Number of protein chains: 2
Amino acid sequence: MALGRFATANRSRTAHEYVLTTLRSAILGGTLKGGTRLVQAELAAELGVSTTPVREALRDLATEGLVVMDPHKGAVVRPLDIAEVREIYELRMTLEPLMVRRMIASVGDAHLAEAEQLQQAMETETDLGAWVDLNRRFHAIFSELEDGSRLAGILAGLRDSAAPYISLSLEARPLQVPEANAEHKQLIALYREGDEAAIIELTLQHLASTLAAIEQAHEAGLIG
Amino acid sequence: MALGRFATANRSRTAHEYVLTTLRSAILGGTLKGGTRLVQAELAAELGVSTTPVREALRDLATEGLVVMDPHKGAVVRPLDIAEVREIYELRMTLEPLMVRRMIASVGDAHLAEAEQLQQAMETETDLGAWVDLNRRFHAIFSELEDGSRLAGILAGLRDSAAPYISLSLEARPLQVPEANAEHKQLIALYREGDEAAIIELTLQHLASTLAAIEQAHEAGLIG
DNA sequence: TATTGATGTTGCATCCTATAAAATGCATGA
DNA sequence: TCATGCATTTTATAGGATGCAACATCAATA
């Protein structure tokens, strides 16, 4: 099942946590596609732990919404359909503005400098997987400002659920990358100015264009 | 710890599910108060299962946000503070209108008749615990119309998290009950008419007044 | 203050049981 | 005779119990 790539870069405090983060990365990154059966014994053997922490991790992913579990039947990677992606984006477009307002209040120069560094790295990054990872870290800088709040948790869950689709969409239409780079640059500038309305507008526009790209890729048959 | 009252009325398919629903009810109903330590061995003995399903249930509750778990430290019932209650209501006031729009589209006469029955039962109910349960079932009729959607899941989580506070607030200010009864009656009428704007307005007003009641009870020192 | 030891509790591995789905055999009807 | 439906067995896999090891906490001591 080729989880080794994820399994190595991971020094968790507990086996359960290790399995959880490994599986989550594999699902979000698209390595584990929707519909894949997740057999406890197989995963345990592959990751070098017993089935107990694997079961716990699968349950966590189930309540997070990334896998589906039925009693005595087992766990399956949740196969999102396009309707659910649309709902996720509807909710994000409703909630992200609230998040923006809070982040403006708590963002500092250090954060913006860090964001700028990542932004520049993304400009020159050619590997798509690496770019996606940088992108995640970029947005994490802002999200972590409000870490621990309900809103941040909900949005994180929504973003995670749509992440596999974004990866696929980027593969299908790589020209989205320069667009996103430009938007990130603009975003930093707007945060420097503290222009709330403009940030919200840019955010909504970014979400709308991402959803449009996913839908196009879906209609073209590039996404299940 | 007196979980027996919940433990009996529960015929789950798995021990894990049984523990999960039992603990959740106890937390939502206020039997297990915020800050209470949840020791796996104790719970297992009390519920007549081993520690394995208990741990799984605790993890579920942790990702639901009802308990906090630290590695090797254990689980504690999450002590909500008033700030978090405010955030929950802010989010609900943002999201419930979306939910209303969907529910109007899918509600039928049978649902409204069922809601009316519950509404009438609540008019005459004197026991507070029983009233709270009827209230939950009343709102569940509407929520279940959209069951399975992301939005419904998020809202269910938010409502659950605030539930202990609502219980406490009702105990502190029982006059909220007739108010709520009147609002429920009005709600049914508005759904019959399909008046979207009015339903949303009433919903927001209901949320605002509930939050105000909780805050008053909090300021009066009746709520931790 | 730092260190060490005792204690309680979690976390994990192993073994066993319960369950659901698949496979097999049998009977019945065309 | 063959196909089809039903009952029964088999097998794969999830769920649960138990025992032990790892860890955090706190108290006692230097």
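In what follows, chains are A, B, ... by sequence order, proteins preceding strands, each numbered from 1. This is a predicted model, so every value here is computed, not measured.
- Place B:Lys73 and B:Ser50 on DNA chain D by their nearest nucleotides, and B:Ser50 ends up nearer the 5' end.
- The interatomic distance linking B:Arg13 (CZ) with D:dG16 (P) rounds to 12 Å, in whole Å.
- Put simply, A:Gln40 has no side-chain N or O that comes within less than 4.0 Å of OP1 or OP2 on D:dA12.
- To the nearest angstrom, C1' of D:dC23 lies 17 Å from NE2 of A:His16.
- Heavy-atom distances under 4.0 Å link DNA chain C to no residue of residues 55-70 of chain A.
- Considering only the side chain of B:Thr51, D:dT18 comes nearest among D:dT13, D:dT18, D:dA17.
- Counting any heavy atom pair closer than 4.0 Å across all strands shown, A:Thr14 reaches sugar-phosphate atoms only and no base atom.
- For B:Asp127, the CG atom is densely surrounded, since the number of other residues' heavy atoms within 6.0 Å is greater than 12.
- Note: B:Leu187 CG to B:His206 NE2 = 8.5 Å, rounded to the nearest 0.5 Å.
- Environment of CZ in A:Arg137: sparse, with no more than 12 heavy atoms of neighbouring residues, nucleotides or ligands closer than 6.0 Å.
- Here B:His184 and B:Phe138 bring their ring centres to under 6.0 angstrom of each other.
- At least one side-chain heavy atom of B:Leu32 sits under 4.5 Å from a side-chain heavy atom of B:Leu38.
- First and last contacts of DNA chain C with chain A, using any nucleotide atom under 4.0 Å from a protein heavy atom and ordered 5' to 3', fall at C:dC12 to C:dA21.
- Taking only side-chain atoms of B:His72, from C-beta outward, the nucleotide of D:dT13, D:dG15, D:dC23 with the closest atom is D:dC23.
- With contacts defined as side-chain heavy-atom distances shorter than 4.5 Å, the pair A:Leu43/A:Leu23 qualifies.
- Within a 6.0 Å sphere centred on CG of A:Asp109, other residues, nucleotides and ligands contribute 12 heavy atoms or fewer.
- Protein atom CG of B:Leu47 is 15 Å distant from nucleotide atom C1' of D:dA17, rounded to whole Å.
- Minimum interatomic distance between A:Tyr165 and A:Ile82 (heavy atoms only, all atoms of both residues): OH-N, 4.3 Å.
- The two residues A:Gly65 and B:Arg150 make their nearest non-hydrogen contact at O-NH2, 3.9 Å.
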